[in-house]
K.L.:
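Let me give you the structure first, and then I'll get to my questions.
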Amino acid sequence: GRPNAMQEIRPLVAVDIIEQLHRQFAILSGGRGKDGAPIITFPEFAGFSDIPDDDFLNVVTYLTSIPSLEAASIGFIIIIDRRRDKWSAVKASLTRIAGAFPGNLQLVFVLRPSRFIQRAIADIGIKLYRDDFKMKVPIIMLNSVSDLHGYIDKSQLTRELGGTLEYGHSQWIHHRTAIENFAMTVKTTAQMLQTFGTDLAETELPNDVQCTEELLSAHTDHHSKLKDELKLAVKQGATLLTCIREPVTRSANCKLSSDELENVATVERLLAQLDETEKAFDQFWTKHHLKLEQCLQLRHFEHDFREVKLALDNLMEAQAGFADIGDSVTRVEHLLREQKQLEEKGQEPLEKAQSLAVHGEQLIQNNHYAVDSIRPKCVELRRICDDFTNETKKKYDILGKSLELHKQLDKASQWCEAGIYLLASQAVDKCQSQEGAETALVEIEKFLVTAKEHQLSNPKEILQKLEDVQEMFDKRQVSLKKLAAKQMRPVQPVAPHPESSPKRASPKITRPAGVAVGKHCDSPPFLSSSHIINELIETERVYVEELQSIIEGYASEMDNPNLLHLIPSALQNKKEILFGNLPEIYEFHNRIFLKEIENCIENPELLARCFLKRKEDLQIYEKYCQNKPRSEALWRQCGDSIFFQECQRKLDHKLSLDAYLLKPVQRITKYQLLLKEMLKCSKNSEGTAELEEALATMLDIIKSVNDAMHQIAITGYEGDVSELGKLLMQGSFNVWTDHKKGHNKVKDLARFKPMQRHLFLYAKMLLFCKKREENTDGHEKTASYSFKNSLKMSTVGITENVKGDNKKFEIWYNGREEVYIIQASSVELKNTWISEIRKVLTGQLEACRGRTQRLCLTTWSWNKLLCCPISPGKSDLLCEDQLGGCSITGIETLVLIKENVLEFQKWHKL
């Protein structure tokens, strides 16, 4: 067990012990015994006893590891050549070999010293010390090489031992080193291929064209380098094999030794291993390279699909805009030309789409790994192309029919004009005679023959005109026939009316009597309170059912594992954004509100109490509307996904989800409309006050919802608007600035050109914002409010009236150092804002009154104290910071503490 263990623990190669091998104190010549046992020769070596134990063990271990396992299992034959040495050298050699030889021994041959005395000593010594050598194999003492030839054939012995075996030690070392280097190269190359294969297997496929191209290029370059390494290794092995076989190639009579034959077998085995590794690697690379190329094909396909899909969508959108069918021949012809231009414009994207679909199908036929991704896109491309083609065909068909109809209408109109002119041009005096009447009758009959060419089923106006003209001819025919039958008294001739000339416009059609143009003949019937209650309950039930269908048919389906693959990545985990608090709204209406209003069917007067009772609960609509912009943005991004189409199909909804997501907004508006109608039915009756309060409540909720929608659109404000208190008012105004210090140019310009500002009035702050409107992906404009300035309500005063314009008022602070002149759109709006601002400032006054002792001061005494008379015609309200923490008006009595007098004087000086 020891030799094998040593070999496993310390595998040796020639390069590790190259110096020891070159000393040649032991060689493996390649000779074999008669039974094939490998021969290791210990040539005469003067310093054999001086060789370190490690060097001796390494060399002998290495030599015994070279023969095949089959040869080594027979056992080694050792030849010790000590013919020129002494018995002591023989003894030392046997002792060292017996103690350290790592292989199985079969025989030991000793060529004893040739000198007589040493030979005699050797004979005695071998007898005396045989047991000391501890060798379990025979030790045969030989007097000469001739004796050795009796045991081993000369062909298996080197020339030094009288044999014919060719052996060059330097060449042997060179061959061993080359074989072991080649084996290491094969091993290293296999490891490199294995590592590269592992890296390829673990590589994630990129999601875009550029990264895929870069990865394919990098892998191909690496593959090429490894293939070059393989070629070099194969070349190295082939060269080595040629070198080993060189003696046989040079001389046909020469034969390789057993060890050389084993070397040849070893190199051939390594070459075969290398070839097998290369084939396995090439097979793996072929699959990987194919997958990378297919990935690149897929990324190109997806990129082209996105571009073509965008072009097709734009094309379909443009086509959808062609809804006009024309109102005249000229207009229809123009529409046909536009349709032709659109069709020509669409040829290129349609051809690209068809080509891309064919390419995708080719990929599928070529067993592309992403069939499930490619096939739906091919189907989508063909569907859009077919839709455009069919829609274009329909457009041409409709416009063709419209053109034909308008041409017929023009002909019919011309026929009517010609008929009217014919009737007007027939001289009545000539028709008084039988001959004249018959002549006129023939003209009319000829003209009426052409009437069938202009029989139309539509439109009604031309039909009416045709019927009127036909009726005129019928009456004229009857008259002429009577005249043709008997003579009548002469009648004053009448010339054609100027307006009836074909060169003039056609006469206007007479409308039926009793119908006013532009007015409705009937008005909607009066609704009773019971009708309104019934409508409210019925629409509420429908509303609850719609909410339930949305939640179960869309929201719940987003958690359905069977539909997850249809949900776009942009929509995943976004259910709360898309639907907001819709489940909360549904639960409120389904469990509470519907049941309560159903109880009002017998007692309509209880309806107002329902709304008043649920005032706080109805605030949930504010949260829903605040989320609506985010929901709409997400819908614009993902609304055309297959997931929503599948859900809509299952629900059998005629409208898409976005229409149903507007239902809550429409519902809250519906309530206030129904309450208004209810109030009309209940004027001056019991419960009117409650209905008015309920209506006011709903209007407040709608205002609150509306304000909240505006508030969330504020951008650029660095603070937290939630800390500004309740939003009291918001609206758009014209604003001028008039500042005393600096800004002269701005002041002069501002007097002529107002700024458009959207004001937000909070309990603590007044914000000035600029309204901006932006188009969002082709949808309706969305407003945002860019923050520009703010005023603390604790630092402002107001002037209610501005000379020259009753819609203006002023907001100012710091002794009118900065003044903002604000113009409302109406006097009513201005008064509403002043009222709200007064409430805020009066609230500050009340807070001040609660903290101070009472001191009554009149307007006159404050003016005298401050030396700041109030301008006539103005009513100013000053801020609490300016007036010692209180508000003051020029017309009411204020309560202030005595200590604030000094602060007022100080303020006035500033």
Side-chain angles (χ1 to χ4, degrees), residues 524 526-547 580-601 603-629 660-712 726-731 760-761 828-829 832-833 835-836 839:
F526 179 77
L527 297 177
S528 66
S529 59
S530 60
H531 284 117
I532 297 171
I533 289 290
N534 287 330
E535 182 184 354
L536 175 59
I537 292 173
E538 287 302 318
T539 55
E540 184 73 11
R541 288 169 180 164
V542 173
Y543 177 54
V544 170
E545 289 175 359
E546 288 175 337
L547 293 182
N581 63 331
L582 197 68
E584 182 184 4
I585 294 175
Y586 167 69
E587 288 298 323
F588 166 68
H589 284 271
N590 184 47
R591 291 189 300 103
I592 300 173
F593 202 59
L594 175 60
K595 296 177 181 178
E596 290 185 354
I597 61 175
E598 283 176 338
N599 293 333
C600 301
I601 193 165
N603 301 296
E605 66 276 2
L606 299 178
L607 181 63
R609 298 178 190 176
C610 289
F611 282 93
L612 293 174
K613 179 182 177 182
R614 298 301 173 186
K615 176 180 179 181
E616 298 298 326
D617 294 318
L618 290 168
Q619 295 293 334
I620 55 178
Y621 282 92
E622 181 176 341
K623 180 180 178 182
Y624 183 81
C625 292
Q626 284 177 337
N627 179 69
K628 200 71 180 69
Y660 287 93
L661 291 177
L662 284 173
K663 295 291 183 180
V665 182
Q666 298 167 346
R667 190 60 183 169
I668 198 71
T669 308
K670 180 74 172 179
Y671 289 144
Q672 60 99 5
L673 294 175
L674 290 174
L675 286 173
K676 283 181 179 179
E677 292 298 324
M678 195 73 176
L679 193 59
K680 290 179 183 178
C681 300
S682 308
K683 280 293 184 183
N684 303 320
S685 63
E686 185 180 355
T688 300
E690 285 186 332
L691 278 172
E692 290 176 345
E693 188 179 354
L695 177 60
T697 297
M698 290 310 303
L699 291 174
D700 284 344
I701 291 174
I702 293 174
K703 177 183 177 300
S704 178
V705 167
N706 187 44
D707 289 347
M709 292 288 287
H710 286 277
Q711 176 177 280
I712 63 173
K726 182 180 179 182
L727 177 59
L728 304 174
M729 299 285 288
Q730 56 83 23
F760 292 86
L761 176 63
E828 292 77 10
L829 181 61
T832 303
W833 272 73
S835 175
E836 286 296 329
K839 288 178 183 178

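Worth saying up front: this structure is predicted, and the values here are computed from it rather than measured.
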K.L.:
Do the side chain of Asn627 and the main chain of Lys623 share a donor and acceptor less than 3.5 angstrom apart?
P.N.:
no
K.L.:
Rounded to the nearest 0.5 Å, what separation is found between the CD1 atom of Ile592 and the CG atom of Asn590?
P.N.:
10.0 Å
K.L.:
Do Gln730 and Lys703 make a side-chain contact, defined as non-hydrogen atoms from C-beta onward lying under 4.5 Å apart?
P.N.:
no
K.L.:
May I have the list of side-chain donor-acceptor pairs in residues 690-702 shorter than 3.5 Å, sequence neighbours left out?
P.N.:
from   : atom 1 : to     : atom 2 : distance (Å)
Glu690 : OE1    : Arg609 : NE     : 3.3
Glu690 : OE2    : Arg609 : NE     : 3.4
Thr697 : OG1    : Glu693 : O      : 2.8

K.L.:
Could you tell me which residues satisfy ring-ring contact (aromatic ring centres under 6.0 Å, His included) with Phe593, sequence neighbours excluded, listed by chain and number?
P.N.:
Phe588, His589, Phe611, Tyr671
K.L.:
Looking only at non-hydrogen atoms, find the nearest pair between Tyr621 and Arg667 and report the distance.
P.N.:
OH-CG, 4.4 Å
K.L.:
Just verifying a value: how many Å separate Lys676 NZ and Lys680 NZ, rounded to the nearest 0.5 Å?
P.N.:
8.5 Å
K.L.:
Please walk me through it: do Glu622 and Asp707 pass side-chain contact (heavy atoms from CB on, under 4.5 Å)?
P.N.:
CA-CA 9 Å; Glu622 181 176 341; Asp707 289 347; over 6 Å; no
K.L.:
Between atom CD of Glu677 and atom OG of Ser529, what is the distance when rounded to the nearest 0.5 Å?
P.N.:
12.0 Å
K.L.:
The test is side-chain contact (heavy atoms from CB on, under 4.5 Å); show your working for Leu607 and Ile533 and say whether it passes.
P.N.:
CA-CA 8 Å; Leu607 181 63; Ile533 289 290; 3.5 Å; yes
K.L.:
Are any of the side-chain heavy atoms of Glu596 and Leu606 separated by less than 4.5 Å?
P.N.:
no
K.L.:
Looking at Lys663 and Val544, would you say the former's side chain and the latter's main chain have a donor-acceptor pair under 3.5 Å?
P.N.:
no
K.L.:
Can you tell if the side chain of Tyr660 reaches within under 4.5 Å of the side chain of Leu582, non-hydrogen atoms only?
P.N.:
no
K.L.:
Quick check for you: to the nearest 0.5 Å, what is the distance between Ser704 atom OG and Leu618 atom CG?
P.N.:
11.5 Å
K.L.:
Which heavy atom of Leu547 sits nearest to which heavy atom of Ile585, and what is that distance?
P.N.:
CD1-CG2, 4.1 Å
K.L.:
To the nearest 0.5 Å, what is the distance between CG (Leu728) and OG (Ser835)?
P.N.:
11.0 Å
K.L.:
Taking the side chain as C-beta and beyond, is there a heavy-atom pair between Tyr543 and Thr539 under 4.5 Å?
P.N.:
no
K.L.:
List the steps and the verdict of side-chain contact (heavy atoms from CB on, under 4.5 Å) for Leu536 and Lys670.
P.N.:
CA-CA 9 Å; Leu536 175 59; Lys670 180 74 172 179; 5.9 Å; no
K.L.:
Which distance, rounded to the nearest 0.5 Å, do you find between the CD of Gln666 and the OG1 of Thr669?
P.N.:
8.0 Å
K.L.:
Got a sec, which residues hit ring-ring contact (aromatic ring centres under 6.0 Å, His included) with Tyr624, two or more places apart in sequence or on another chain?
P.N.:
none
K.L.:
Can you list the steps and then say if Ile620 with Asn581 is a side-chain contact (heavy atoms from CB on, under 4.5 Å)?
P.N.:
CA-CA 8 Å; Ile620 55 178; Asn581 63 331; 3.8 Å; yes
K.L.:
Quick test of your reading of the model: are Lys595 and Glu598 salt-bridged, counting only N-O distances below 4.0 Å?
P.N.:
no
K.L.:
Near Lys613 NZ, under 6.0 Å, is it more than 12 heavy atoms from other residues, nucleotides or ligands?
P.N.:
no
